[in-house]
Protein chains: 2
Amino acid sequence: MASQRGEGETTATPLEPADRERARAIPEAAVARLAVYLRVLSGMADQGVTAVSSEELSQAAGVNAAKLRKDLSYIGSYGTRGVGYDVEVLVSHIERILGLTRNHSVAVVGIGNLGHALANYGGFPGRGFPVTALFDVDADLIGVPVGGIPVSHIDDITAVCLEREVSIGVIATPPPAAQSVCDRLVSAGVQCILNFAPVVLQVPDNVEVRKVDLAVEMQILSFHVARRADEAASVSAGIVSAGNNGLGVDGMVIRP
Amino acid sequence: MASQRGEGETTATPLEPADRERARAIPEAAVARLAVYLRVLSGMADQGVTAVSSEELSQAAGVNAAKLRKDLSYIGSYGTRGVGYDVEVLVSHIERILGLTRNHSVAVVGIGNLGHALANYGGFPGRGFPVTALFDVDADLIGVPVGGIPVSHIDDITAVCLEREVSIGVIATPPPAAQSVCDRLVSAGVQCILNFAPVVLQVPDNVEVRKVDLAVEMQILSFHVARRADEAASVSAGIVSAGNNGLGVDGMVIRP
DNA sequence: TACCGCTTGTGAACGCATGCACAAAGTCGG
DNA sequence: CCGACTTTGTGCATGCGTTCACAAGCGGTA
Ligand SMILES: NC(=O)c1ccc[n+]([C@@H]2O[C@H](COP(=O)([O-])OP(=O)(O)OC[C@H]3O[C@@H](n4cnc5c(N)ncnc54)[C@H](O)[C@@H]3O)[C@@H](O)[C@H]2O)c1
Ligand SMILES: NC(=O)c1ccc[n+]([C@@H]2O[C@H](COP(=O)([O-])OP(=O)(O)OC[C@H]3O[C@@H](n4cnc5c(N)ncnc54)[C@H](O)[C@@H]3O)[C@@H](O)[C@H]2O)c1
């Protein structure tokens, strides 16, 4: 791989060419897990833990130990064989790879039920994602401070986003308005969008969209309920079930 | 397993043997997309569209047409070659596979900022996921109706969940309380959990957990911002980007 | 210093998902 | 009834991600 080049093996803190190479090669799925590891590690650091093994960390993060090590290997070799990883070191390297060494200003569009919750949420600023702009169309909301920030009119989105250097836009409007809001955000130069509206957004290639779709999540859960019910029905109907993975039978049956 | 009480309940799902076989084999990723197709199709049906081709539907759902056809093939062959799919037919079959022919009662735990938004949200009941129970520890909230449903005390969770046949539990408490709440839900027989708290939940094998982690979503977006910034820096520094085909063409330096 | 036990990092195999390409199967016009 | 055209359903190749298994490397110990 990239490390087989055997070229330079330096260790600088900021952006190193070798890391650029690596960052491009990190699988999307691994990036999501790195964020989880980071949170677990931060929690450990807060509790005074200074070192951790891949086994411990993987347990805490709910993943396979081998997968964790492979994920970490994507960002470099920062462990010590026979010992484990230094928590602080790992935290700083994951933060660097995830681009968390700088703040990312967030704008929330649509200050209704969900928008209010997001604007009031304290978890974002603490993690380097300060909410710096709020937008809505409702005249009654304009100027009203929510979570300490006054709501701006959606028509001012371009000016405000540029002025406050918004890098992430969060869409919490009703579905019909989502695409239009998205287009405006893109026009304002926002290249990252987090969408809560149950709508498939169309965006140019240079814009990254992630969606949080609660209805879909619910339906996936529903699917599993149904599948389970069917399996149970199959068993009771005498149909031989094939792929049942072995698991400890812990009597969970509760009879009221 | 959990809801064996009602014999007839609502419309009992007609379980066809062939579908059982199929449902077990549907890839997880395809299930998530089926939910999206369903929403798009429902929207089309509302607008009076009766037939649709895989090309049209895939465009609207933002996926590859071949992938869409493969996804649909997991649930059976309900299209007409040379014509396309009947919207109504497709809707009903996807609903059946996803287990949406019956209602899934939802309980929300933690009626703070987010819990209020969820309880007030009209999108769930309309899609077969009625919110029937709310829980909190805050004495000031107990008995207060939110979105039409009075908040119950968390200590009554087992009794209330059984009584209202809750099949999906939503956790919207602060992180430290999440695991404890989760355990209580599991004890109450809830086998599907949607978790908003930034915590890795430990559950028995027979419980399905899905998490919605906004911090992780933000950090994934942040990663892409950083990657992009690095790429731009690389280009301006004269480093050749090997982005598109994975072929590093050396010697070609583009200088503005 | 030499050895021992422990944990990392990774090559390699495997399995799942994606996308292509095309035969099969239908419609429609004549 | 036929032949041209359209679109589905799917076998297959490809690529990505996960898991296994183990050599390499490090700290501790005698
Ligand atoms: N509330 C939830 O728990 C929840 C859950 C899942 C999904 N969602 C989705 O999130 C979105 C918001 O939900 P909500 O419950 O907060 O809705 P809401 O109706 O309470 O709030 C929507 C807000 O968007 C504003 N708005 C409408 N058009 C706008 C536009 N063009 N530009 C800017 N602002 C505009 C409205 O004035 C309103 O304040 C919806 O798409 C909903 O489907 C919400
Ligand atoms: N608000 C957001 O936009 C947002 C965004 C992302 C993640 N989250 C996460 O969602 C969760 C809830 O966020 P929030 O902003 O609504 O918090 P909040 O503090 O406003 O509400 C939490 C509620 O949970 C209740 N609670 C505490 N312990 C409980 C227990 N043991 N049993 C039952 N109820 C209990 C509290 O009384 C309170 O009403 C948090 O974990 C947060 O990290 C929230």
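Order of the sequence lines fixes the chain letters, A, B, ..., with proteins taken first and strands second; residue numbering starts at 1 for each chain.
Residues A:Val106 and A:Phe124 have side chains not in contact (no heavy-atom distance under 4.5 Å, counting atoms from C-beta outward). Looking only at side-chain heavy atoms (C-beta outward), B:Gln191 and A:His224 stay at 4.5 Å or farther from each other. Considering only heavy atoms from C-beta on, A:Ile26 comes within 4.5 Å of B:Phe223 through its side chain. At a threshold of 4.5 Å between non-hydrogen side-chain atoms, the residues B:Val200 and A:Val63 do not count as touching.
Judged by distance alone with a 3.5 Å cut-off, no donor-acceptor contact links the side chain of A:Arg81 to the base of C:dT7. Scanning atom types as modelled, one donor and one acceptor separated by under 3.5 angstrom connect the side chain of B:Lys70 and the base of C:dG19.
Side-chain nitrogen and oxygen atoms of B:Ser53 include none within less than 4.0 Å of the OP1 or OP2 phosphate oxygen of D:dT7. Phosphate proximity of C:dA17 to B:Asn64: absent, as no side-chain N or O sits under 4.0 Å from OP1 or OP2. Between A:Ser54 and C:dT7 there is no side-chain N or O to OP1 or OP2 distance below 4.0 Å. At C:dC16, none of the side-chain N or O atoms of B:Tyr74 fall inside 4.0 Å of OP1 or OP2 (strictly under the cut-off).
Between A:Gly82 and B:Val52, the residue anchored closer to the 5' end of DNA chain D is B:Val52, taking for each the nucleotide with the nearest heavy atom. If you find the closest nucleotide of DNA chain D to A:Ala29 and to A:Val83, the one lying nearer the 5' end belongs to A:Ala29.
Look at NZ on B:Lys67: it is 18 Å from P on D:dT10, rounded to the nearest Å. Nucleotide C:dT8 holds its P atom 13 Å from the CG atom of A:Asp86, rounded to whole Å. Summarising the geometry, the separation between CG on A:Leu68 and P on C:dT7 is reported as 14 Å, rounded to the nearest angstrom. The CZ-C1' distance, from A:Arg69 to D:dC22, rounds to 11 Å in whole Å. Atom-to-atom, CD of B:Glu56 to P of D:dT7 comes out at 8 Å; the value is rounded to the nearest Å. A straight line from CD of B:Glu55 to P of D:dT8 spans 9 Å, rounded to a whole angstrom. The interatomic distance linking B:Gln59 (CD) with D:dT7 (P) rounds to 13 Å, in whole Å. B:Glu28 places its CD atom 19 Å from the P atom of C:dG15, with the value rounded to the nearest Å.
We find that B:Glu28 and A:Arg227 are not joined by a salt bridge, their nearest charged nitrogen and carboxylate oxygen being 4.0 Å or further apart.
Between D:dG17, C:dG9, D:dT10, one nucleotide has an atom nearer to the side chain of B:Ser77 than all others, and that is D:dT10.
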